[in-house]
K.L.:
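First, the structure itself, so that you have it in front of you.
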Amino acid sequence: MSMQVARISLVLPVLVFFRLLIMWAWALLPICLTIWATAGIWIVYGMSVSNGSVNLTDGFPFISLCGTYPPQSCVFGQVLNVGAMLGVWISVIRFQQIRDYGCHSVLNSVSLAMGLLCALGTSIVGNFQQSNQLETHLAGAFLAFVIGNIYFWMQTVLTYMVKPKHGGCYIGPIRFCLSVACTALIVLMAVFLKLNMKSISAICEWIVAMILFLLYGLFSVDFWHLDGHYFHVKKRTAIPNEVEVSTVTLNI
């Protein structure tokens, strides 16, 4: 009996450790996106300045201008493509998490669509540089910035709709304030660009990008409470006079 108790006392801490490790793994996913995207675009900025592709005496550059010319255009595309992939993954997990909490609102489904469009726009921005395909690039920027901002407004509303509410009484107001700031800066960015004040408009664009990355990172508060994520694959097999449905669950 004492041996069994000793074994349990040894195994229990290991199980607790692995459980915490899994929880941390999901919580780190949004943080990885924030760090990856933030570091990536600033590295692109540093490369463009160091090799002379961007001249700071002409004014502060837009993000897209920094990533237009090689070799940094290659890094820029890769950074945004990986970021878009992580964005899709996070949007899908967040959508399912809200559904699992019993919130079957249409807003959640629309929010998922907005999140996927934001990720698509991010990938388009990285793959269609403004010097080659300006119209396509601008369409991608619209999806990444404007639709991305709408996505986080929806997530702010869903934060107040869903129970349990992770992050206490702070996460909702933080998302709201960041969404307000993001909206205001997008408007200012367009106004300053119209007034030909490109440097100020570019600064607004950089701040908007940082806010969006931070908003993605805040999902770590919600993902901390995930134990796992599953895809359910259903195979329908037709049998005379009846239909047999088998379900295979893939643990990711």
Side-chain angles (χ1 to χ4, degrees), residues 23 26-39 41-42 63 80 83-84 86-122 125 140-193 200-226:
M23 294 173 68
W26 292 112
L28 286 174
L29 182 61
I31 296 175
C32 287
L33 170 57
T34 301
I35 295 174
W36 170 267
T38 303
I41 63 173
W42 281 108
I63 299 172
L80 294 190
L86 293 174
V88 168
W89 197 359
I90 290 169
S91 298
V92 171
I93 294 176
R94 180 58 177 161
F95 165 77
Q96 189 60 52
Q97 183 185 36
I98 291 173
R99 288 194 62 183
D100 289 345
Y101 285 158
C103 180
H104 299 282
S105 171
V106 175
L107 183 64
N108 190 30
S109 300
V110 177
S111 176
L112 173 62
M114 295 295 104
L116 297 180
L117 285 174
C118 174
L120 174 62
T122 303
V125 168
F142 175 83
L143 293 175
F145 285 102
V146 178
I147 300 301
N149 184 216
I150 294 173
Y151 171 69
F152 283 109
W153 271 115
M154 292 181 175
Q155 285 299 318
T156 301
V157 175
L158 287 168
T159 300
Y160 288 99
M161 292 175 60
V162 173
K163 290 185 175 19
K165 187 184 300 182
H166 303 306
C169 60
Y170 301 105
I171 193 67
I174 290 174
R175 281 193 175 126
F176 175 79
C177 292
L178 289 175
S179 297
V180 169
C182 190
T183 302
L185 286 165
I186 289 174
V187 173
L188 289 174
M189 180 175 65
V191 170
F192 286 128
L193 187 60
I200 301 178
S201 180
I203 292 172
C204 291
E205 182 194 42
W206 281 87
I207 298 175
V208 168
M210 295 301 105
I211 290 175
L212 290 174
F213 297 155
L214 179 58
L215 282 166
Y216 270 110
L218 285 177
F219 282 132
S220 62
V221 176
D222 304 284
F223 288 8
W224 167 254
H225 300 273
L226 291 176

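Here the structure is a predicted model, which is why all the values come from computation and not from measurement. These numbers come from the heavy atoms of this one structure, side chains and all, not from hydrogens, waters or symmetry mates.
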K.L.:
Is there a side-chain contact between Ile93 and Ile90 (heavy atoms, below 4.5 Å)?
P.N.:
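No, side chains not in contact.
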K.L.:
Kindly give the heavy-atom pair with the smallest separation between Cys118 and Ala144, and that separation in Å.
P.N.:
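Distance-wise, the nearest heavy atoms are SG-O, 3.5 Å.
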K.L.:
Can you name the closest pair of heavy atoms from Leu188 and Cys204 and give their distance?
P.N.:
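Closest approach of Leu188 to Cys204, heavy atoms only: CB-SG, 4.2 Å.
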K.L.:
The criterion is side chain to side chain contact (heavy atoms under 4.5 Å, CB included); which residues satisfy it with Ile211, sequence neighbours excluded?
P.N.:
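Residues passing side chain to side chain contact (heavy atoms under 4.5 Å, CB included) with Ile211: Leu178, Ala181, Cys182, Leu185, Ile207, Leu215.
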K.L.:
Do any pairs count as a side-chain hydrogen bond (donor to acceptor under 3.5 Å, both in side chains) and have a residue in residues 201-220, sequence neighbours left out, and if so which ones?
P.N.:
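Counting only pairs at least two positions apart or across chains, no side-chain hydrogen bond (donor to acceptor under 3.5 Å, both in side chains) contact touches residues 201-220.
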K.L.:
Could you please spell out the steps behind the side-chain contact (heavy atoms from CB on, under 4.5 Å) verdict for Ile203 and Phe192?
P.N.:
CA-CA 10 Å; Ile203 292 172; Phe192 286 128; over 6 Å; no
K.L.:
Starting at CD1 of Ile63, measure out to CZ of Phe145 and round the result to the nearest 0.5 Å.
P.N.:
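If we round to the nearest 0.5 Å, Ile63:CD1 and Phe145:CZ are 4.5 Å apart.
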K.L.:
With a 4.5 Å limit on heavy-atom distance, are the side chains of Trp89 and Leu29 in contact?
P.N.:
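A side-chain contact exists here, since the closest heavy-atom pair is under 4.5 Å.
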K.L.:
To the nearest 0.5 angstrom, please state how far the CE atom of Met210 sits from the CD1 atom of Ile41.
P.N.:
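Taking CE in Met210 and CD1 in Ile41, the distance rounds to 3.0 Å.
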K.L.:
Shortest non-hydrogen contact from Val88 to Ala119?
P.N.:
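For Val88 versus Ala119, the nearest heavy atoms are CG2-CB, 3.5 Å.
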K.L.:
Roughly how far, to the nearest 0.5 Å, is OG1 of Thr159 from CD1 of Ile98?
P.N.:
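Reported value, rounded in 0.5 Å steps: 7.0 Å.
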K.L.:
Please name all residues satisfying side-chain hydrogen bond (donor to acceptor under 3.5 Å, both in side chains) with Ser111, sequence neighbours left out, ordered by chain then number.
P.N.:
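Result, side-chain hydrogen bond (donor to acceptor under 3.5 Å, both in side chains) vs Ser111: Gln155.
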K.L.:
Between OH of Tyr151 and CG of Leu158, what distance do you get to the nearest 0.5 Å?
P.N.:
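With rounding to 0.5 Å, OH (Tyr151) is 9.0 Å from CG (Leu158).
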K.L.:
Taking the side chain as everything from C-beta on, heavy atoms only, tell me whether Arg94 gets closer than 4.5 Å to Leu112.
P.N.:
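Result no, sub-4.5 Å side-chain heavy-atom pair not found.
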K.L.:
Let me confirm one number: the CG-CE distance from Asn149 to Met114, rounded to the nearest 0.5 Å.
P.N.:
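The distance works out to 12.0 Å.
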K.L.:
What do the steps show when you test Phe213 against Leu33 for side-chain contact (heavy atoms from CB on, under 4.5 Å), and what is the final call?
P.N.:
CA-CA 7 Å; Phe213 297 155; Leu33 170 57; 5.8 Å; no
K.L.:
Kindly indicate whether the side chain of Ile147, heavy atoms from C-beta on, has any atom under 4.5 Å from the side chain of Leu120.
P.N.:
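They are not in side-chain contact.
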K.L.:
Rounded to the nearest 0.5 Å, how far apart are CG of Leu86 and OG1 of Thr122?
P.N.:
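Rounded to the nearest 0.5 Å, the CG-OG1 separation comes out at 11.0 Å.
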K.L.:
Between Phe176 and Trp153, is the ring centre distance below 6.0 Å?
P.N.:
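Ring-ring flag for Phe176/Trp153: true, centres closer than 6.0 Å.
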K.L.:
Please report the shortest heavy-atom distance between Pro30 and Phe223, naming the atom on each side.
P.N.:
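So the minimum-distance heavy-atom pair works out to CG-CD2, 3.5 Å.
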K.L.:
Do Arg175 and Asp222 meet the salt-bridge criterion of a basic N to acidic O distance under 4.0 Å?
P.N.:
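A salt bridge links Asp222 with Arg175.
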